[in-house]
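Read through the structure below, which is laid out as structure tokens, and then see the notes.
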Amino acid sequence: MRGLSCYKEVYAFYGVTKSHTRQFFGEILMTLLPTIKELLAMEPEGQKVVVRGWVRTKRETKQSVFIEINDGSCFSNIQGVVAASLPGKDTLKEALPGISTGASVEIRGTLIPSPAKGQKAEVSVQEIELIGEAPADRYPLQKKAHSLEFLRELAHLRVRTNTFGAVARVRNRMAFAIHQFFQERGFYYIHTPIITTSDAEGAGAMFQVTALDLEAIAKSGKPVDYEKDFFGKKAYLTVSGQLNVETYCQALSRVYTFGPTFRAENSNTTRHLAEFWMIEPEMAFVELEGNIAIATEFIQFLVSTALTDCAEDIAFFDQRVQPGLRESLEKVARTPFTHMTYTDAVRELEASRAEFEFTPYWGCDLQSEHEKFITEKIVGGPVVVTDYPKEIKAFYMKQNKDGKTVAAMDVLVPRFGEIIGGSEREWRLDLLEKRIDELDLPKEAYGWYLDLRRFGSTPHSGFGLGFERLLMFVTGMANIRDVIPYPRAARQADF
RNA sequence: UCCCCUGUAGCUCAGCUGGCAGAGCAAGUGGCUGUUAACCACUGGGUCCGGUGUUCGAACCACCGCGGGGGAGCCA
């Protein structure tokens with residue numbers, strides 16, 4: 001193990017004593033070395049540097065060896081150049097024991113302008129040290145392209161690849177940007193519960209949570225007595241934080257949740273996970289128009305942030321994963337979103353005379369083929385579709401005056417389809433109760449939810465955004481299992 | 001849950017109507033005056049997913065099982 005003592009060596013290498021490192025290097029070096037991202041941003045002037053990271057690739061010639069090191073701080077590697085005549089070593093082999101793809105190393109040398117094309121700066125290596133080996137005959141990642149399917153089986157190692165490193169950085173930046181967006185606009189971040197005893201949320205199959213000994217119950221042959229379970233009743237993992245966050249909305253005005261969500265649906269697709277992260281803002285005194293405006297601004301903020309702050313990673317995705325990605329994102333960031341009612345959208349679909357697997361008609365749920373057609377062919381850009389038939393939307397959505405539609409809104413984007421679903425909520429007690437009765441939902445389970453309409457009710461709106469789906473859209477990755485570190489799906493929960 | 005495709009070297013795949021197991025990349029060794037998906041040469045590398053059956057003979061055909069991928073539905 002290399003403890004803190006290793007910093008003594010680093011300080012010695014820099015020729016400074018620990019007593020004045022604070023002044024010499026600033027706070028960062030007291031605990032952390034400059035990252036490769038920081039080194040690459042420096043002007044190379046022959047300054048001494050220490051780099052720690054993992055070897056991505058090594059190229060050898062008779063005269064010198066080129067080692068590319070990555071520490072994950074950015075997409076780029078830093079190139080270390082080892083001259084054949086490294087002081088104190090007779091041969092390069094002696095100087096580079098076990099330095100292979102995947103190995104962790106420390107190099108010390110000087111940051112110099114690179115004489116060759118391909119990189120502005122490089123490290124002229126004076127000392128190199130193997131920290132952790134990665135023997136080539138056993139290390140599964142090679143210095144070549146691997147299929148995403150293969151890497152999915154190596155979820156613990158795949159983040160060491162270009163693609164998954166880039167996904168991880170974009171994921172981090174987008175998570176932070178989500179908080180930035182809402183915090184800057186006066187929203188409060190609410191932690192809604194993960195465990196719920198309400199099976200009435202109606203958003204899909206739920207995972208049951210229990211502390212009962214299932215095997216013992218099965219052996220006993222007796223029926224399950226949930227009064228003996230931990231909560232004294234059946235409990236589940238949440239499928240949505242919306243109903244809970246609405247209560248906080250009715251006190252803090254602007255709120256949002258951003259947390260894990262669970263669906264036990266046995267769906268095997270590139271767009272579904274059993275465990276995923278969802279963002280759900282909720283705004284009091286905001287009607288459908290305001291909801292649309294915020295949702296639009298939100299998507300454009302996130303896309304713009306990715307383009308500016310993750311430019312290097314996006315460039316990679318544009319080049320290797322989804323050609324045309326950057327242009328498509330730039331268009332979304334600057335194009336005003338078109339607004340269209342469901343009724344108009346269906347009319348356009350019918351008028352298009354395009355061949356669909358499911359023929360569109362008023363009252364039908366828009367299929368993904370319809371959504372893509374609307375945003376890509378009819379509009380040619382992002383579009384907000386509103387006022388859907390009440391039969392195909394949730395009970396809590398505000399009923400429109402026509403008696404047929406509700407104030408729902410879906411945001412559709414090219415290349416992906418629906419990315420946001422939301423609505424103005426029904427805030428009038430009588431209409432909400434009537435709808436619950438019509439749908440034969442268990443009204444007693446919604447007691448606290450109906451209280452919001454009994455006491456100080458307000459018009460309010462909100463929407464939901466699947467975080468992983470946002471990441472698919474921003475990165476161009478085609479499978480949702482590749483934008484989350486450890487995907488959980490039907491029959492898949494390894495690592 | 002339904003439908004389709006697929007499983008051969010570390011990886012990606014080829015392997016025709018059933019007849020001695022192949023390529024590229026990776027790895028190892030050697031070469032090369034600065035490489036950058038380095039390049040050139042050579043070398044090693046196989047439970048053809050598992051089981052059963054058909055056949056003189058099965059990677060190939062049939063059946064069962066397991067794994068992987070894609071699509072649909074559901075949805076975020």
Side-chain angles (χ1 to χ4, degrees), chain A residues 56-69 76-84 93 100-102 112-120 122 124 134-154 161-162 201-205 238-242 257-280 319-320 357-358 365-369 371 392-394 410-411 416-422 463-473 478-484 489-492 494:
Chain A
R56 280 296 175 79
T57 176
K58 182 179 68 174
R59 294 178 291 271
E60 297 180 64
T61 72
K62 195 175 188 181
Q63 298 304 315
S64 34
V65 178
F66 302 87
I67 300 167
E68 288 201 31
I69 298 173
S76 291
N77 306 321
I78 200 164
Q79 174 168 277
V81 185
V82 186
K93 275 195 201 317
S100 60
T101 300
I112 58 169
S114 178
K117 285 181 183 172
Q119 58 282 316
K120 191 178 88 177
E122 64 187 26
S124 176
D137 58 341
R138 276 165 282 160
Y139 183 60
L141 299 181
Q142 304 164 352
K143 58 174 201 176
K144 55 163 287 189
H146 288 293
S147 68
L148 297 173
E149 292 81 8
F150 173 66
L151 292 172
R152 234 167 263 157
E153 297 167 12
L154 299 170
T161 64
N162 286 335
E201 297 182 26
T238 182
V239 292
S240 163
Q242 187 201 313
T257 69
F258 181 10
T261 309
F262 308 88
R263 305 272 168 95
E265 235 106 47
N266 184 17
S267 51
N268 199 333
T269 77
T270 54
R271 299 154 74 88
H272 290 85
L273 289 170
E275 176 184 291
F276 61 99
W277 289 64
M278 187 154 65
I279 300 105
E280 293 170 295
Q319 206 171 12
R320 295 292 178 94
E357 193 181 337
F358 295 92
D365 209 349
L366 294 181
Q367 305 291 319
S368 54
E369 56 171 343
E371 292 174 342
I392 60 173
K393 289 292 183 183
D410 285 359
V411 179
F416 196 85
E418 181 186 334
I419 194 161
I420 276 181
F463 58 85
L465 169 70
F467 187 47
E468 284 75 19
R469 288 187 176 180
L470 169 79
L471 290 172
M472 291 174 76
F473 177 65
N479 193 317
I480 199 166
R481 296 169 196 212
D482 296 333
V483 296
I484 190 168
R491 308 181 69 79
Q492 180 174 44
D494 292 335

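Reckoned from all heavy atoms, side chains included, excluding hydrogens, waters and symmetry mates. Below, read A as the first sequence line, B as the second, and so on, with proteins coming before strands; counting in each chain starts at 1.
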Next on the checklist: Is there a side-chain contact between Thr270(A) and the phosphate of G71(B), meaning an N or O under 4.0 Å from OP1 or OP2?
Outcome noted: yes
Checklist outcome for this item: To the nearest angstrom, the CD1-C1' distance between Ile420(A) and C75(B) comes to 15 Å
Item to check | U17(B) versus C60(B) - spacing of their C1' atoms, nearest Å | outcome: 11 Å
Checklist entry - Taking OP1 and OP2 of C32(B), is either one under 4.0 Å from a side-chain nitrogen or oxygen of Lys62(A)? => result yes
Checklist entry - Phe262(A) CZ to A76(B) P: how many Å, rounded? => result 16 Å
Item to check | Distance test, side-chain N/O of Arg56(A) to OP1/OP2 of A37(B), below 4.0 Å | outcome: no
Next on the checklist: Distance check, C1' atoms only: G45(B) and A62(B), in whole angstrom units.
Outcome noted: 33 Å
Item to check | Under 5.5 Å and under 30°: Phe66(A) stacked on G34(B) | outcome: no
Next on the checklist: Under the rule for side chain to side chain contact (heavy atoms under 4.5 Å, CB included), what residues qualify as partners of Ala264(A), not counting sequence neighbours?
Outcome noted: Ala205(A), Phe207(A)
Checklist entry - Any side-chain N or O of Arg59(A) less than 4.0 Å from the OP1 or OP2 oxygen of A37(B)? => result no
Item to check | C13(B) versus U29(B) - spacing of their P atoms, nearest Å | outcome: 29 Å
Checklist entry - For the base of G68(B), is there a side-chain donor-acceptor partner from Glu149(A) under 3.5 Å away? => result no
Checklist entry - What distance, rounded to whole Å, do you find between the two P atoms, one in A9(B) and one in U47(B)? => result 8 Å
Item to check | Distance between P atoms of U12(B) and G70(B) (Å, rounded) | outcome: 14 Å
Item to check | Residue met sooner reading RNA chain B from 5', once Ser147(A) and Leu465(A) are mapped to nucleotides | outcome: Ser147(A)
Next on the checklist: What's the gap between G69(B) and C56(B) when it is taken at their C1' atoms, as a whole Å value?
Outcome noted: 38 Å
Checklist entry - Given the P atoms of G51(B) and A27(B), what is the spacing between them in whole Å? => result 33 Å
Checklist entry - Of the nucleotides G70(B), A76(B), C25(B), which has the atom closest to the Arg263(A) side chain? => result A76(B)
Checklist entry - Does OP1 or OP2 of C75(B) have a side-chain N or O of Ser267(A) closer than 4.0 Å? => result no
Next on the checklist: Restricting to side chain to side chain contact (heavy atoms under 4.5 Å, CB included), what partner residues turn up for Ala489(A), sequence neighbours left out?
Outcome noted: Arg481(A), Gln492(A)
Checklist entry - Do Arg320(A) and Asn162(A) touch side chain to side chain, with heavy atoms closer than 4.5 Å? => result no
Checklist entry - Looking at Asn266(A), does any N or O in its side chain come under 4.0 Å of the phosphate oxygens OP1/OP2 on G73(B)? => result no
Next on the checklist: In this structure, how many angstroms lie between the C1' atom of A76(B) and the CG atom of Leu366(A), rounded?
Outcome noted: 16 Å
